[in-house]
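Bear in mind that the values here come from a model prediction, so they are computed numbers and not experimental data. Letters A, B, ... mirror the listed sequences (proteins, then strands); counts begin at 1.
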Protein chains: 2
Amino acid sequence: MKNVNKTQQIAVFKALADPVRLEIIQYLKQSDHEVSCGEVGRKIDISKTSGSYHFKLLQVAGLINARKEAREKYVSLNQATFDKYVTNFYKNI
Amino acid sequence: MKNVNKTQQIAVFKALADPVRLEIIQYLKQSDHEVSCGEVGRKIDISKTSGSYHFKLLQVAGLINARKEAREKYVSLNQATFDKYVTNFYKNI
DNA sequence: TAAATAGTTCAAAATGTTTTGAACTATTTT
DNA sequence: AAAATAGTTCAAAACATTTTGAACTATTTA
């Protein structure tokens, strides 16, 4: 695999292989600006503990950018990771 | 998600989220012609039971085409599925 | 026709992931 | 200062995936 880290490649696909996380990603894409974890969690109706778990996984995979401001954590999609590990996956195998 | 089946979308990412299956896919891509399950299994050194399990998952996800000829099963990548569910994923969210 | 080969199926064991609730930290509001 | 809000951490429970070996079917070779 060209230029990609195999461990991250698998973390990316694992992160995408879940309906809750796909909903999160969907919401973040259509928001197209930073939103708080709480806002996302409310919209897709998951507990805050579960949200915390899923946001962490997405973050470790590099699929989201996260920034903590005071009490709140703001997240947005990291397009570069999608490009490198998803969009260009087939080409780079 | 535009034009994609959510259940298949998740099956695709689950199928890709495993090191053994990534090796299989890698081998199939560089072979660029049909190869038997046995040949792949030998190259990446997995038991035939395990191979059978992984090839089935790839097949159910639509990522490989499979054809049984007599004793042997020949497989190849299904590029259309990669295009639709992986390469175009971000665009279609 | 017996033995070998390719692959599948099944159930059990081993591993890994996700959800839950309680307890926690840090910040903001009353 | 107390209460409320946003999010994290932890351990346990619930659930899902993967590996293993034995038994099986079907085909080919000796």
Side-chain angles (χ1 to χ4, degrees), chain A residues 6-28 31 33-78, chain B residues 6-28 31 33-77 85:
Chain A
K6 197 166 179 165
T7 304
Q8 193 181 357
Q9 180 67 75
I10 288 179
V12 164
F13 284 138
K14 280 196 178 173
L16 295 172
D18 177 271
V20 171
R21 291 189 294 271
L22 245 30
E23 282 201 83
I24 292 174
I25 288 168
Q26 208 157 195
Y27 187 79
L28 294 180
S31 299
H33 61 284
E34 269 191 342
V35 295
S36 73
C37 291
E39 175 180 340
V40 183
R42 254 170 270 120
K43 292 290 178 170
I44 69 173
D45 191 38
I46 53 174
S47 72
K48 61 190 184 149
T49 313
S50 170
S52 193
Y53 170 72
H54 289 296
F55 285 112
K56 168 101 66 83
L57 251 61
L58 288 168
Q59 207 176 333
V60 165
L63 289 167
I64 59 174
N65 302 116
R67 179 175 70 84
K68 186 130 195 180
E69 183 178 325
R71 270 194 312 200
E72 314 192 65
K73 184 175 175 179
Y74 291 96
V75 293
S76 59
L77 294 184
N78 183 347
Chain B
K6 198 167 180 163
T7 305
Q8 193 182 356
Q9 180 67 76
I10 288 180
V12 164
F13 284 138
K14 280 198 176 168
L16 295 172
D18 177 272
V20 171
R21 291 188 296 270
L22 245 31
E23 283 201 83
I24 292 175
I25 288 168
Q26 209 157 195
Y27 187 78
L28 293 180
S31 298
H33 61 284
E34 267 190 345
V35 296
S36 72
C37 291
E39 174 180 342
V40 182
R42 251 171 271 121
K43 291 290 179 172
I44 70 174
D45 192 36
I46 53 173
S47 70
K48 60 190 185 152
T49 312
S50 171
S52 193
Y53 170 72
H54 289 296
F55 284 113
K56 169 102 64 82
L57 252 59
L58 289 168
Q59 207 176 332
V60 165
L63 290 167
I64 60 174
N65 302 115
R67 178 175 72 81
K68 186 128 194 181
E69 183 178 324
R71 272 194 310 199
E72 314 191 65
K73 184 175 175 179
Y74 291 96
V75 294
S76 60
L77 295 184
Y85 287 94

In whole angstroms, the gap separating C1' of C/dT17 from CG of A/D18 amounts to 9 Å

Just how far, in rounded Å, is C1' of D/dA6 from CD of A/E34? 15 Å

Listed nucleotide nearest any side-chain atom of A/C37, set D/dG7, D/dT20, C/dT9: D/dG7

Applying side chain to side chain contact (heavy atoms under 4.5 Å, CB included) to B/L77 and not counting sequence neighbours gives A/Y90, B/I25, B/L28, B/K29, B/I64, B/F82

Whole Å only: how far is the CG atom of A/D45 from the C1' atom of C/dT19? 14 Å

In whole angstroms, the gap separating C1' of C/dT17 from NZ of A/K14 amounts to 9 Å

May I ask you to verify if any side-chain N or O of B/K56 is less than 4.0 angstrom from the OP1 or OP2 atom of C/dT9? yes

Please tell me whether B/Q8 and B/Y85 have a donor and an acceptor in their side chains that are separated by less than 3.5 angstrom. yes

Roughly, in whole Å, what's the span from CZ in A/R21 to C1' in C/dT19? 12 Å

Treating primed atoms plus P, OP1 and OP2 as sugar-phosphate and everything else as base, which nucleotides of nucleotides 21-30 of chain C get B, S or - for protein heavy atoms under 4.0 Å? BB----BS--

Closest to the side chain of A/R42, out of D/dT19, D/dT18, D/dA6, is D/dA6

Minimum heavy-atom distance between A/V75 and A/C37, given as atom pair plus value: CG1-SG, 3.9 Å

Relative to the 5' end of DNA chain C, which residue comes earlier, B/E39 or A/V20, by the nucleotide with the nearest heavy atom? B/E39

Select one nucleotide: of D/dT9, D/dG7, C/dT19, the one nearest the side-chain heavy atoms of A/K73. D/dG7

Are OP1 or OP2 of D/dT19 and a side-chain N or O of B/H54 less than 4.0 angstrom apart? yes

One should read off an interatomic distance between A/L16 CG and A/L58 CG, to the nearest 0.5 angstrom, of 7.5 Å

Closest contact, heavy atoms only, A/A15 versus A/L57: CB-O, 4.4 Å

Taking all non-hydrogen atoms of both residues into account, name the closest pair between B/I46 and B/G51 and its distance. CD1-CA, 3.6 Å

Just N and O in the side chain of A/S50: are any of them under 4.0 Å from OP1 or OP2 of C/dT19? yes

Identify whether any heavy atom of B/L57 sits under 4.0 Å from a base atom; if not, whether one sits that close to sugar-phosphate; answer base, sugar-phosphate or nothing. sugar-phosphate

Pairs meeting criterion side chain to side chain donor-acceptor pair (under 3.5 Å) with involvement of residues 40-57 of chain B, two or more places apart: B/R21-B/H54

For A/I44 against A/V20, the heavy-atom pair lying closest together: CD1-O, 4.1 Å

Between CZ of B/F55 and P of D/dT19 the distance, given in whole Å, is 13 Å

How many whole angstroms separate atom OH of B/Y74 from atom P of C/dA6? 10 Å

Checking A/E34 now: which residues fulfil salt bridge (Lys or Arg N to Asp or Glu O under 4.0 Å) with it, not counting sequence neighbours? A/R67

Roughly, in whole Å, what's the span from OH in B/Y53 to P in C/dT9? 14 Å

Report the residues that fulfil side chain to side chain contact (heavy atoms under 4.5 Å, CB included) with B/A17, sequence neighbours left out, ordered by chain and then residue number. A/F13, A/K14

Rounded (10°) bend between the five-pair end axes of the helix from C/dT1-D/dA30 to C/dT30-D/dA1: 10°

